[in-house]
K.L.:
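Have a look at this one.
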Amino acid sequence: MEFLSANMAPVMFLGLILFLLLGYSVAFSLGACGLLFSFVGIEMGLLPASLMQALPLRIFGIMQNDTLLAIPFFTFMGLILERSGMAEDLLDTIGQLFGPVRGGLAFAVIFVGAMLAATTGVVAASVISMGLISLPIMLRYGYDRRVASGVIAASGTLAQIIPPSLVLIIMADQLGRSVGDLYKGAFIPGFVLTGLYVGFIVLVAVLRPHMVPALPPEARSIREDNGSSGLPSLGALTALSVALAVGFAKTRPDSAPLDETIVLSMCVGVGVAFVLSVINKTMKLGLLSKMAERVTFVLIPPLGLIFLVLGTIFLGIATPTEGGAMGAVGALLMAVSRGRLSMNLLRQAMDSTMKLSCFVVFILVGSTVFSLTFQGVDGPKWVEHLLTSLPGGQLGFLIVVNILVFVLAFFLDFFELSFIVVPLLGPVAEKLGIDLVWFGVLLAVNMQTSFMHPPFGFALFYLRSVAPTKDYKDRVTGKTVEKITTSQIYWGSVPFVLIQIIMVGLIITFPNLVSGGLDKKAEVNVDDVQIEMQADTPKAEDDPMAAFKGMEAASDAK
């Protein structure tokens with residue numbers, strides 16, 4: 001009993017791990033562990049019985065948290081877009097655009113994965129969509145199975161780091177920081193990670209060209225009447241749009257945040273391209289090729305939706321919750337414009353949104369029960385003492401924490417890590433002088449690997465559910481295509497997990513990748529501060545001589 005009394009916090013943490021290893025769900029494991037040890041602590045005199053009276057207030061506080069409303073909004077938006085055929089149109093068009101290049105289909109998957117991440121924020125929707133649409137085409141034209149499966153799974157996980165990301169909403173709530181700040185901080189790292197994926201495919205295309213072949217001429221369906229590709233007019237339109245976007249960016253003040261400048265510049269460039277394409281089509285000028293028009297009209301709606309959501313958040317016009325609501329409305333309008341909105345689609349999207357939202361809230365309630373008891377037995381002090389005593393200061397803390405999160409990600413997904421581990425690490429990081437917005441983005445990139453880890457990576461499971469398990473006859477070429485094995489999916493994910501680890505190292509080495517996207521704080525020089533006080537004019541009733549002076553003035557006037 002003396003040992004238990006002196007070590008209640010570590011015993012409680014080990015008890016939670018035991019509950020999870022026994023196979024109980026995370027929400028009920030957290031709640032049961034918190035209640036069990038609270039009763040034990042009260043019986044042993046370690047906790048006051050009145051502590052548990054705070055539990056209802058905490059649960060009602062969760063229900064009143066406006067930030068969490070962004071989760072159902074963004075989930076609903078992603079599901080509507082995924083079911084409205086946007087991913088299919090994007091993959092088909094971008095695949096045709098990059099098809100003549102070695103690795104072109106892989107480039108298209110990465111590009112579309114980033115686009116879906118910036119519009120949907122849901123990993124399952126991205127991986128399943130690209131697995132159903134792109135994987136058969138990649139297998140048809142001879143892509144290596146490991147490269148094809150790895151690039152699809154990895155591109156789908158970009159939804160966890162590129163805003164609007166669900167994990168960043170949870171991270172902000174657990175760290176007590178603004179969702180908008182985490183979105184701004186993750187904006188640049190998300191696209192740097194996308195660039196690293198592209199760099200890997202370029203490397204494969206150079207060193208192992210047979211693994212990522214180009215599309216054969218007969219597979220390139222978007223052609224001009226004379227058989228040309230129509231790329232010159234697309235290149236001219238792109239060059240004009242980029243030039244105007246860069247010119248606009250140079251007019252922005254130096255104090256403007258980088259992410260805000262990028263979003264506004266993209267909006268200007270995209271708007272110019274769209275207006276020119278509409279004018280060309282309505283007036284039948286014939287200045288743009290079929291490829292240029294197709295790319296413009298397929299890319300503009302999702303890019304407009306990105307600006308509607310992220311642009312309004314970054315510019316301070318809307319909160320993340322309001323941005324999510326506008327995104328949901330925008331997704332419905334896009335589905336209506338495509339003629340694909342039906343009651344069945346709406347019912348499916350609302351049903352899935354309700355399930356995910358309830359899943360998050362139940363875990364949050366369970367984690368609240370656990371954290372209340374854990375704080376009562378001085379658990380945060382135990383964790384703080386454990387981590388602040390590490391050698392190396394901030395760097396030693398960051399190395400150990402990232403190794404811990406990486407290992408736990410083999411067994412827990414990002415929701416579980418966010419609710420169990422992050423509340424314990426946040427106070428310690430703040431005490432060590434680490435900016436919690438930067439720390440949250442760093443952990444989000446690390447936890448992204450939880451979707452790619454064999455054997456429990458959810459992105460791998462999503463891809464396995466749509467990848468062929470048996471040899472089949474291709475409907476276009478008539479050739480027999482071999483199945484994809486689970487081991488090929490696992491091995492395909494390994495290079496991209498290593499890339500994500502490299503990204504964690506880049507954020508630690510170059511913290512400006514995150515802080516560069518945040519609003520610059522105004523610096524005040526105390527030496528230049530001047531305090532000016534205006535002297536009060538004395539009132540007549542406050543001056544005892546006022547009456548005498550008035551009489552004297554009157555007599556002089558006579």
K.L.:
Between Asn402 and Leu442, is any pair of side-chain heavy atoms under 4.5 Å apart?
P.N.:
yes
K.L.:
Enumerate donor-acceptor pairs with a distance under 3.5 Å from any side-chain N or O in residues 50-61 to protein atoms, sequence neighbours excluded.
P.N.:
{"residue": "Arg58", "atom": "NH1", "partner": "Ser371", "partner atom": "OG", "Å": "3.3"}
{"residue": "Arg58", "atom": "NH2", "partner": "Gln375", "partner atom": "OE1", "Å": "3.1"}

K.L.:
Begin with the C-alpha distance, continue with both residues' side-chain angles, and end with the deciding distance and a verdict on salt bridge (charged side-chain N to carboxylate O under 4.0 Å, His left out) for Asp351 and Arg347.
P.N.:
CA-CA 6 Å; Asp351 183 56; Arg347 189 181 297 110; over 6 Å; no
K.L.:
Between Glu482 and Lys470, is the closest basic N to carboxylate O distance under 4.0 Å?
P.N.:
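No, Lys470 and Glu482 are not salt-bridged.
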K.L.:
Hey, what's the ring geometry for Phe28 with Phe362, parallel, tilted or perpendicular (30° and 60° as the breaks)?
P.N.:
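Geometry flag for Phe362 against Phe28: tilted rings.
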K.L.:
Distance-only check: which donor-acceptor pairs under 3.5 Å involve side-chain atoms of residues 10-17, not counting sequence neighbours?
P.N.:
none

K.L.:
Can you measure from CG (Leu404) to CZ (Phe397) and round to the nearest 0.5 angstrom?
P.N.:
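Output value for this atom pair is 10.0 Å.
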K.L.:
Do you know the tightest heavy-atom contact between Gly426 and Leu436?
P.N.:
O-CD2, 3.5 Å
K.L.:
Mark yes when over 12 heavy atoms from residues, nucleotides or ligands other than Arg177 sit less than 6.0 Å from its CZ; otherwise mark no.
P.N.:
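Correct, the count exceeds 12.
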K.L.:
Is there side-chain contact between Val422 and Ile170, with heavy atoms separated by less than 4.5 Å?
P.N.:
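Sidechains of Ile170 and Val422: no contact.
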K.L.:
Does some side-chain heavy atom of Thr485 sit less than 4.5 Å from a side-chain heavy atom of Tyr490?
P.N.:
no
K.L.:
Can you tell me how far the CG atom of Leu35 sits from the CZ atom of Phe370, to the nearest 0.5 Å?
P.N.:
12.0 Å
K.L.:
Below 4.5 Å, heavy atoms only, C-beta onward: do Ile434 and Glu430 meet side chain to side chain?
P.N.:
no
K.L.:
Starting from the C-alpha separation in whole Å, work towards a yes-or-no answer on side chain to side chain contact (heavy atoms under 4.5 Å, CB included) for Ile489 and Arg146.
P.N.:
CA-CA 6 Å; Ile489 295 177; Arg146 291 170 297 179; over 6 Å; no
K.L.:
Testing the basics here: between Ile201 and Ala106, what is the closest heavy-atom pair and its distance to 0.1 Å?
P.N.:
CG2-CB, 3.8 Å
K.L.:
Provide the closest heavy-atom pair for Ala328 versus Phe76 in the form atom of the first, atom of the second, distance.
P.N.:
CB-CD2, 3.9 Å
K.L.:
Ignoring hydrogens and geometry, is there a side-chain-to-backbone donor-acceptor pair from Ser367 to Leu364 under 3.5 Å?
P.N.:
yes
K.L.:
Closest approach of Phe374 and Ala9, non-hydrogen atoms and distance?
P.N.:
CE1-O, 3.5 Å
K.L.:
For the residue pair Tyr197 and Ser155, what are the closest heavy atoms and their distance?
P.N.:
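Distance-wise, the nearest heavy atoms are CE1-N, 4.4 Å.
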K.L.:
Residues two or more places apart in sequence or in another chain: which of them pass side chain to side chain donor-acceptor pair (under 3.5 Å) with Thr469?
P.N.:
none
K.L.:
Mind checking whether Val309 and Met77 have side chains closer than 4.5 Å, heavy atoms only?
P.N.:
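Yes - at least one pair of side-chain heavy atoms lies under 4.5 Å apart.
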K.L.:
Please assess Leu345 against Ile80 for the test side chain to side chain contact (heavy atoms under 4.5 Å, CB included), listing each intermediate value before the final yes or no.
P.N.:
CA-CA 8 Å; Leu345 184 150; Ile80 289 291; 3.3 Å; yes
K.L.:
Any idea which heavy atoms bring Ser493 and Leu460 closest together, and the distance?
P.N.:
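Reported closest heavy-atom pair: CB-CD2, 3.8 Å.
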K.L.:
Can you tell if the side chain of Ile169 reaches within under 4.5 Å of the side chain of Asp173, non-hydrogen atoms only?
P.N.:
no
K.L.:
Over 60° means perpendicular and under 30° means parallel, so classify the ring planes of Phe191 and Phe187, tilted if in between.
P.N.:
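Ring orientation of Phe187 relative to Phe191: perpendicular.
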K.L.:
Taking everything shown except Met354 itself, do over 12 heavy atoms lie less than 6.0 Å from its CE?
P.N.:
yes
K.L.:
Run the numbers on Thr321 and Thr319 for side chain to side chain donor-acceptor pair (under 3.5 Å), then give the verdict.
P.N.:
CA-CA 5 Å; Thr321 302; Thr319 66; 4.6 Å; no
K.L.:
Would you call Leu47 and Phe37 a side-chain contact if the rule is heavy atoms closer than 4.5 Å?
P.N.:
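No, every pair of side-chain atoms sits at 4.5 Å or beyond.
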K.L.:
Can you tell me how far apart CD (Gln488) and OG (Ser149) are? Round to the nearest 0.5 Å.
P.N.:
7.0 Å
K.L.:
I'd like to know if the side chain of Thr449 reaches the main chain of Asn446, judged simply by a donor and an acceptor atom lying under 3.5 Å from each other, with no hydrogens or angles considered.
P.N.:
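Yes, because the side chain of Thr449 sits within donor-acceptor range (under 3.5 Å) of the backbone of Asn446.
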K.L.:
Taking the side chain as every heavy atom from C-beta outward, state whether Tyr143 and Val151 have any atom pair closer than 4.5 Å.
P.N.:
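Contact flag for Tyr143/Val151 side chains = no.
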K.L.:
Return the CZ to CG distance between Arg145 and Leu135, rounded to the nearest 0.5 Å.
P.N.:
9.0 Å
K.L.:
Before we go on, tell me: are the rings of Phe107 and Phe111 under 6.0 Å apart, centre to centre?
P.N.:
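When the ring centroids of Phe107 and Phe111 are compared, they turn out to be at least 6.0 Å apart.
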K.L.:
Roughly how far, to the nearest 0.5 Å, is CG of Leu193 from CG of Leu513?
P.N.:
11.0 Å
K.L.:
Could you go step by step and tell me if Leu158 and Thr194 meet the side chain to side chain contact (heavy atoms under 4.5 Å, CB included) rule?
P.N.:
CA-CA 8 Å; Leu158 289 172; Thr194 305; 3.7 Å; yes
K.L.:
For Thr157 and Gln448, what are the C-alpha separation, side-chain angles and deciding distance, and is it a side chain to side chain donor-acceptor pair (under 3.5 Å)?
P.N.:
CA-CA 7 Å; Thr157 62; Gln448 188 182 348; 3.2 Å; yes
K.L.:
Rounded to the nearest 0.5 Å, what separation is found between the CG atom of Leu196 and the CG atom of Leu498?
P.N.:
12.0 Å
K.L.:
Might you work through the side chain to side chain contact (heavy atoms under 4.5 Å, CB included) test for Gln160 and Leu168, ending with a clear yes or no?
P.N.:
CA-CA 8 Å; Gln160 288 311 294; Leu168 294 177; over 6 Å; no
